[in-house]
Amino acid sequence: MGRLGVDLYPLRSGVGLDRVDTFGRFLGGSPANVAVAAARLGRRTALVSRTGADPFGTYLRRELGAFGVDARWVTEVAEHPTPVTFCALFPPDDFPLTFYRRPKAPDLEIHPHELDLDAIRAARVLWTTGTGLSEEPSRTATLTALRARSGRPHTVLDLDWRPAFWPDPATARPHYTEALRHATVAVGNAEECEVATGESDPEAAARALLALLAPTGTGPGAPGLRLAVVKRGPEGVLALAADGRRARVAPLPVDVVNGLGAGDAFGGALVDGLLSGRPLDEVLRRANAAGAIVAGRLACAPAMPDPAEIGRALATGSGTLPPAPGPAPSADPTDRPARPGLPGGAAPLPKDGSP
């Protein structure tokens, strides 16, 4: 549930946006990418979001369907255009973003009275984001969805801290705290966990999340946070569970092309792992591998790996996989299957401004 827009990624790396001539167009928005990532792993997924009543909105709903994501709850907002996001590519760790979400993004116009709460309660996982808390009516809608599932297993809040989206970033923590009261899983990087807890150390932040919102009972339906996952980038990932389980997993090496979709790939694989009932350390290893694979590719949604690719990455000890075989994308995304890898199986992007 949440953010959806068009991502425009340069087809040249190592140069600023002022020097880029050609961009690739992709489905974007963290919750949308997580839904695509879980769908690639065989899960039935749907997205609750909104777009503008414009050609980019049409494109996004079509892309969601092509990736196997149910778009019936993605509706139009006539007053606001579909948002667009540009990024620049400076591998391995610098991917500055430029957001065009003003005066307001349609995905922040999700109203609580429009939610299908029966479907939200019935879902085996609900994935919400901190961005959804940044403005009304999306804030109340996100909290309404979380409250409808309060205590239900696999109710996830991705902390998803984007200070530019908040009219007043200093007011964020109380809204995060309220949302976390109804979540059973919290996911975020070290900075995001610090926003939510005030703790900068990853382990201290995870413990603070669990202590702040400890389960109030022992049954599967008891409310309270049961799992805190802290993504640590090149240092791997840490997870602490309320029942005492813990896991710390090292990163998988990869030749980075674009790191922006790695966290969303991680999220989709985490969803798959939670539903599979695998041991916590295996869930994290597979999620880490999914993130590494996507970091080695240009796009986000089209780059999401399938189970075989995750298995290959774990077997070889590297997230750098060859592009998937197959024909180049057609001009119309409905004419092609959703495939991972660089567009059309292309070679890695040129650097330093070379054509």
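Not measured: the values here are computed from a predicted model. Basis for what follows: all heavy atoms, side chains included, without hydrogens, waters or symmetry-related copies.
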S.K.: Is the shortest side-chain N to carboxylate O distance from Asp272 to Arg278 below 4.0 Å?
M.R.: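 Salt bridge present between Asp272 and Arg278.
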
S.K.: Answer yes if the side chains of Asp158 and Thr129 hold a donor-acceptor pair under 3.5 Å, and no otherwise.
M.R.: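 Judged by distance alone, the side chains do not pair up.
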
S.K.: So, do Pro96 and Cys87 sit near enough that their side-chain heavy atoms are less than 4.5 Å apart?
M.R.: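 Answer no - side chains too far apart.
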
S.K.: Does a sphere of radius 6.0 Å around CZ in Arg173 hold more than 12 heavy atoms from other residues, nucleotides or ligands, not counting ones at 6.0 Å or beyond?
M.R.: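 It does: Arg173 CZ has more than 12 such atoms within range.
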
S.K.: Below 4.5 Å, heavy atoms only, C-beta onward: do Leu209 and Cys193 meet side chain to side chain?
M.R.: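 Leu209 vs Cys193: side chains touch.
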
S.K.: Checking side-chain contact (heavy atoms from CB on, under 4.5 Å) between Arg149 and each of Leu117, Thr155, Thr128, which is the one that passes?
M.R.: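 Only match with Arg149 under side-chain contact (heavy atoms from CB on, under 4.5 Å): Thr155.
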
S.K.: Between Arg147 and Glu178, does any NZ, NE, NH1 or NH2 come within less than 4.0 Å of an OD or OE carboxylate oxygen?
M.R.: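 Salt bridge flag = yes for Arg147 with Glu178.
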
S.K.: Linking I/L/V/M/F/W/Y whenever their side-chain heavy atoms sit closer than 4.5 Å, directly or via other members, would Val84 and Val74 fall into one cluster?
M.R.: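 Yes, Val84 connects to Val74 through the hydrophobic network.
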
S.K.: Answer yes if Val195 and Val185 sit in the same cluster of Ile, Leu, Val, Met, Phe, Trp and Tyr residues linked by side chain heavy atoms under 4.5 Å apart, and no otherwise.
M.R.: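 No, no single cluster joins them.
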
S.K.: Do Glu192 and Arg232 sit within salt-bridge range, that is, some charged N less than 4.0 Å from a carboxylate O?
M.R.: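 The answer is no: the pair does not qualify as a salt bridge.
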
S.K.: Walk me through it: do Phe26 and Tyr9 pass the test ring-ring contact (aromatic ring centres under 6.0 Å, His included)?
M.R.: CA-CA 8 Å; Phe26 305 102; Tyr9 291 164; 5.7 Å; yes

S.K.: Measure the spacing between CD1 of Ile293 and CG of Leu321 and express it to the nearest 0.5 Å.
M.R.: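 Answer for the CD1-CG pair, Ile293 versus Leu321, is 5.0 Å.
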
S.K.: What is the minimum heavy-atom distance between Leu4 and Pro83, and which atoms define it?
M.R.: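 That would be O-CG, 3.4 Å.
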
S.K.: Establish, from distance only, whether the side-chain atoms of Thr131 and Arg3 form a donor-acceptor pair under 3.5 Å.
M.R.: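 A donor-acceptor contact under 3.5 Å links the two side chains.
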
S.K.: Could you check whether Glu76 pairs with Arg61 (Lys NZ or Arg NE/NH1/NH2 to Asp/Glu carboxylate O, under 4.0 Å)?
M.R.: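 Looking at Glu76 and Arg61, the cut-off is met.
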
S.K.: Is the terminal nitrogen or CZ of Arg40 (NZ for Lys, CZ for Arg) located under 6.0 angstrom from the six-membered ring centre of Phe67 and within 45° of that ring's axis?
M.R.: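 Arg40 over Phe67 ring: no.
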
S.K.: Mind running salt bridge (charged side-chain N to carboxylate O under 4.0 Å, His left out) on Glu114 and Arg50 for me, showing each step along the way?
M.R.: CA-CA 11 Å; Glu114 296 172 340; Arg50 306 195 76 179; 3.7 Å; yes

S.K.: I'd like to know if Leu146 and Val156 are part of one continuous hydrophobic network [Ile/Leu/Val/Met/Phe/Trp/Tyr, side-chain heavy atoms within less than 4.5 Å].
M.R.: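 Per the 4.5 Å side-chain linkage, Val156 and Leu146 are not co-clustered.
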
S.K.: Walk me through it: do Asp21 and Arg12 pass the test salt bridge (charged side-chain N to carboxylate O under 4.0 Å, His left out)?
M.R.: CA-CA 8 Å; Asp21 300 313; Arg12 297 165 65 189; 3.5 Å; yes

S.K.: Check the hydrophobic clustering (I, L, V, M, F, W, Y; side-chain heavy atoms under 4.5 Å; chains of links allowed) and say if Val256 and Leu252 are grouped together.
M.R.: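 Not linked; separate clusters.
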
S.K.: Salt bridge or not between Arg139 and Glu135? Use side-chain N to carboxylate O under 4.0 Å.
M.R.: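 No, this pair does not count.
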
S.K.: State plainly whether the residues Arg248 and Glu203 are in salt-bridge range, i.e. N to O under 4.0 Å.
M.R.: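 Salt bridge between Arg248 and Glu203, a charged N being under 4.0 Å from a carboxylate O: yes.
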
S.K.: With ring-ring contact (aromatic ring centres under 6.0 Å, His included) as the test, would you mind laying out the steps for Phe90 and Phe95 before giving the verdict?
M.R.: CA-CA 6 Å; Phe90 296 96; Phe95 306 99; 8.4 Å; no

S.K.: After noting the C-alpha distance and the side-chain angles of Phe99 and Phe165, does the key distance pass the ring-ring contact (aromatic ring centres under 6.0 Å, His included) rule?
M.R.: CA-CA 9 Å; Phe99 294 99; Phe165 294 170; 4.8 Å; yes

S.K.: State plainly whether one hydrophobic cluster holds both Phe23 and Val15, where clusters connect Ile, Leu, Val, Met, Phe, Trp and Tyr through side-chain heavy atoms under 4.5 angstrom apart.
M.R.: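 As far as the 4.5 Å side-chain criterion goes, Val15 and Phe23 are connected within one cluster.
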
S.K.: Would you check if there is a donor-acceptor pair between the side chains of Ser49 and Asp107 at a distance under 3.5 Å?
M.R.: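 The criterion, which ignores hydrogens and geometry beyond distance, is not satisfied for Ser49 and Asp107.
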
S.K.: Any chance the side chains of Thr82 and Asp54 put a donor and an acceptor closer than 3.5 Å?
M.R.: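 Per modelled atom types, Thr82 and Asp54 side chains form a pair under 3.5 Å.
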
